Amino acid sequence: MTYTSERPPIAESSDSLRARIPGWGADLDPKVRPSVPKLQWQEDKTGAHWEFPERQPEKWPRERSIEHEFLTPVFGTSCPPKGLSGALRRFSYRKYSEGRAAHWLLLLAADRVDAWESHLRSFATLRPDNPVTETGVLSEFTRHGFSSRAGKNRADVKHHLADPIIIAGPWVLAAGLAYSAARKLLRWRRG
Amino acid sequence: MVYRGPYKVRVEEKDVPAIEHPGDAIVRVKLAAICGSDLHLYHGMMPDTRVGMTFGHEFIGVVEEIGSGVQNLKRGDRVMVPFNVFCGTCWFCARGLYSNCHNVNPNATAVGGIYGYSHTCGGYDGGQAEFVRVPFADVGPAVIPDWLDDEDAVLLTDALATGYFGAQLGEIAEGDVVVVFGAGPVGLFAAKSAWLMGAGRVIVVDHLENRLEKARSFAHAETYNFTEYDDIVVHLKKLTDHLGADVAIDAVGAEADGNLTQHVTSAKLKLQGGSPVALNWCIDSVRKGGTISVMGAYGPMFSAVKFGDAMNKGLTLRMNQCPVKRQWPRLFEHIRNGYLKPSDIVTHRIPLEHIAEGYHIFSAKLDGCIKPLIVPNAG
């Protein structure tokens, strides 16, 4: 027991486990575990044939952490910063290191601004955002979602009441504000 | 697939990615997966996740085009691509820390490059698409052996490798009591791998019955649903003669349920790098002097972790993103020996066109979803 020096016994012996569980103990020796030891020198360099990689061309002033000495030789080019969110992101990268909470909070704020900017921009295209199809909520009807609401196999049960408010709330609020602004404008025009 | 803001994704036509560096390859995706950590992006929790980005760091495919510097691959090769983007020669790669490569992520030094995982991880588009750009094609991808089928291969690009790596981080010794928090794909693989390393008892904790059933049947584990106990930590202590587990594995990460305050401050208000409920349960339920392994993904912001208890208990905390390619040779052996059959955990196969529904069912875990695969051009 715990209050003496004896280790509590395990119900099943190693031999019994070996017989019952396929592969039991195959990696018992830490030496055969591939990530042991840490910081092990990798002789083969997994196929690399360079000491320092050739540099990828920088097509726009690529934002980077000020903790880096220079732009890394290879980088992603998925979504260049744009609009107000882009300005916030560039400011955050230029001003704050990763050690500062301001860096991450600004980036998270920029993400929310980006979402709203992109929603607004989408209304000027032939394919505006559609909160019904894009949230995948139709799977409630096509993939047994509705029946999943009962029982203990669904992760978001506790959030059911809050989620519609969080997701639909800003849209309803924005529609209300737009309606109110349009009414005020009409009244003002009528004198 | 493109991200349109929290909880919203859709399918769009994007330009086919181009070779941007002599070491690049363009891979035509055959099979991808949605990972639990994609949900952190989907829920808007990972900083610098930009509208228009394509997610997906678990994918396999066929080499469509190679850059002028690529020597080890050719067009038509069927390849598996580890979720890490890495160069193979920087200080970190040279020492096997492929997930911490210093040459691929200008946006941060705290994390390496990951496909489709926000600009915090380098701004690379991911594999939930028809085509994907694969940098350093000579070091990352491997040609899939003929005997390995596509569904097993795609699970080797993250979920299985990460679960197996998590068990290694636990430094399991023969007879150890191992408790795994989270019975998602990574937790299931961690539990299964703990036996390979000689665990004497493997306990899995979750709140979804279908996942716990899988932990029993697939991973031979003893399981507990934390919602059925007033205090799961006390229950685990009672189960272990009030000593605590020797090793605790956090296979949950930022989306941990089980505490409303943590959920509101992390998932809703984004004031933490994730809800560390599972990590705190690890700290509480492991014995003094025990080891905690963390491969559940957290955001870079601070989290309310019970560090004082970890210090006072003399714990060893080990954690990292998995250096996937380092795991492959040994995992190939285990699969060939029949010790592991990764695709046994796959529950859903979803056409890329229905990706929004795929994210919703995986996020809510409806329809018994444990692991969804995404199939481009499935019609």
Side-chain angles (χ1 to χ4, degrees), chain A residues 1-2 8 10 14 21-28 33-35 39-42 45-51 53-54 56 62 64-65 67-68 71-79 98 104 107-108 111 114-115 118 129 133-139 143-145 148 152-156 167, chain B residues 4-5 7-8 10 20-22 47-53 72 87-89 94-96 103-104 106-110 122-125 135 138-139 165 168 174-175 195-198 200-201 208-210 220 241-243 270 300-301 326-327 330 339 356-357 359-361 364-368:
Chain A
M1 73 168 201
T2 314
I10 295 290
S14 294
I21 294 168
W24 186 90
D27 293 338
L28 199 52
R33 301 178 190 174
S35 288
L39 302 178
Q40 188 177 33
W41 189 260
Q42 306 293 300
K45 301 198 282 187
T46 81
H49 39 85
W50 50 82
E51 290 303 317
E54 200 170 319
Q56 179 179 335
R62 178 67 163 74
R64 69 173 172 87
S65 165
E67 294 182 24
H68 266 300
L71 185 66
T72 54
V74 168
F75 48 87
T77 54
S78 173
C79 303
E98 294 155 62
W104 301 112
L107 289 177
L108 284 165
D111 289 351
D114 187 12
S118 302
D129 272 327
T133 56
E134 290 174 13
T135 52
V137 74
L138 293 174
S139 55
R143 290 184 185 268
H144 314 110
S148 304
K152 292 181 174 176
N153 291 327
R154 184 161 172 146
D156 61 348
I167 293 168
Chain B
R4 294 296 305 170
Y7 295 91
K8 295 185 202 70
R10 72 182 186 191
E20 301 194 41
H21 180 274
D48 212 357
T49 302
R50 301 181 187 177
V51 172
M53 187 171 214
N72 302 335
C87 75
T89 53
R95 290 158 180 82
N103 276 340
V104 292
N107 297 71
T109 58
Y124 297 93
D125 268 336
D138 276 335
V139 301
F165 178 65
Q168 285 180 76
E174 184 169 357
W195 293 124
L196 298 178
M197 292 165 205
R201 189 177 177 191
L208 299 175
E209 283 299 333
N210 62 317
H220 311 281
D241 246 344
H242 298 273
L243 184 71
K270 325 289 189 219
M301 284 262 289
R326 232 174 129 175
Q327 320 306 315
R330 189 72 179 160
Y339 302 158
E357 294 190 5
Y359 267 91
H360 184 72
I361 66 166
K365 309 290 182 284
L366 60 86
D367 198 25

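Per chain, numbering begins at 1; letters A, B, ... match sequence-line order. Values below: all heavy atoms of this structure, side chains included; hydrogens, waters and symmetry mates excluded. For clarity, every value in this text was computed on a predicted model and none was experimentally measured.
Counting heavy-atom pairs under 4.5 Å between each of B:G200, B:A94, B:P135 and chain A puts B:A94 at the top. Considering only heavy-atom pairs separated by less than 4.5 Å from chain B, the leading option among A:S65, A:P22, A:S35 is A:S35. Note: B:A108 leads B:A108, B:P22, B:G52, B:G96 in heavy-atom pairs under 4.5 Å with chain A. Of the listed residues (A:A115, A:P53, A:G23, A:P34), the greatest number of heavy-atom pairs within a distance under 4.5 Å of chain B belongs to A:P34. The candidate from B:G175, B:C87, B:G123 with the greatest count of non-hydrogen atom pairs under 4.5 Å with chain A is B:G123. With chain B as partner, the option from A:S78, A:S118, A:S14 having the largest number of non-hydrogen pairs under 4.5 angstrom is A:S78. Heavy-atom pairs under 4.5 Å with chain B peak, among A:H68, A:K45, A:E67, A:R64, at A:H68.
The line from CD of A:Q56 to CG of B:N103 is 12.0 Å long, rounded to the nearest 0.5 Å. Between the CD atom of A:Q42 and the CZ atom of B:R95 there is a distance of 10.5 Å, given to the nearest 0.5 Å. Put simply, SG on A:C79 and CE on B:M53 are 6.0 Å apart, with the number rounded to the nearest 0.5 Å. From B:E20, atom CD reaches atom OG1 of A:T77 across 3.5 Å, with rounding to the nearest 0.5 Å. To the nearest 0.5 Å, atom CD1 of residue A:I21 and atom NE2 of residue B:H220 are 5.5 Å apart.
One N or O on the side chain of B:H21 and one on the backbone of A:E54 form a donor-acceptor pair closer than 3.5 Å. Not one N or O on the side chain of A:R62 forms a donor-acceptor pair closer than 3.5 Å with the backbone of B:P106. Between the side chain of A:E98 and the backbone N or O of B:T109 there is at least one donor-acceptor pair closer than 3.5 Å. Side-chain N or O atoms of B:D48 include none that pairs as donor or acceptor with a backbone N or O of A:L107 at under 3.5 Å. A side-chain donor-acceptor contact under 3.5 Å links B:N72 to the backbone of A:G47.
For A:L28, the parts lying under 4.5 angstrom from a heavy atom of chain B are both the backbone and the side chain. In this structure, chain A has a heavy atom under 4.5 Å from the side chain of B:F165, while its backbone stays farther away. Contacts of B:D138 with chain A are made by both backbone and side-chain atoms, with heavy-atom separations under 4.5 Å.
Between B:W195 and A:W24, the shortest heavy-atom distance links the atoms O-CD1, 3.3 Å. Pairing each heavy atom of A:T46 with each of B:V139, the nearest pair is OG1-CB, 3.1 Å.
A salt bridge links B:R330 to A:D27: at least one charged side-chain nitrogen sits closer than 4.0 Å to a carboxylate oxygen.
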Could you walk me through whether A:V74 and B:Y124 pass the side chain to side chain contact (heavy atoms under 4.5 Å, CB included) check? CA-CA 10 Å; A:V74 168; B:Y124 297 93; 3.5 Å; yes

In sequence, state the C-alpha distance, the side-chain angles, and the governing distance for B:E357 and A:L138, and then conclude on side chain to side chain contact (heavy atoms under 4.5 Å, CB included). CA-CA 7 Å; B:E357 294 190 5; A:L138 293 174; 3.8 Å; yes

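When B:K8, B:H360, B:R10 are each tested for a side-chain hydrogen bond (donor to acceptor under 3.5 Å, both in side chains) with A:E134, only one passes: B:R10.
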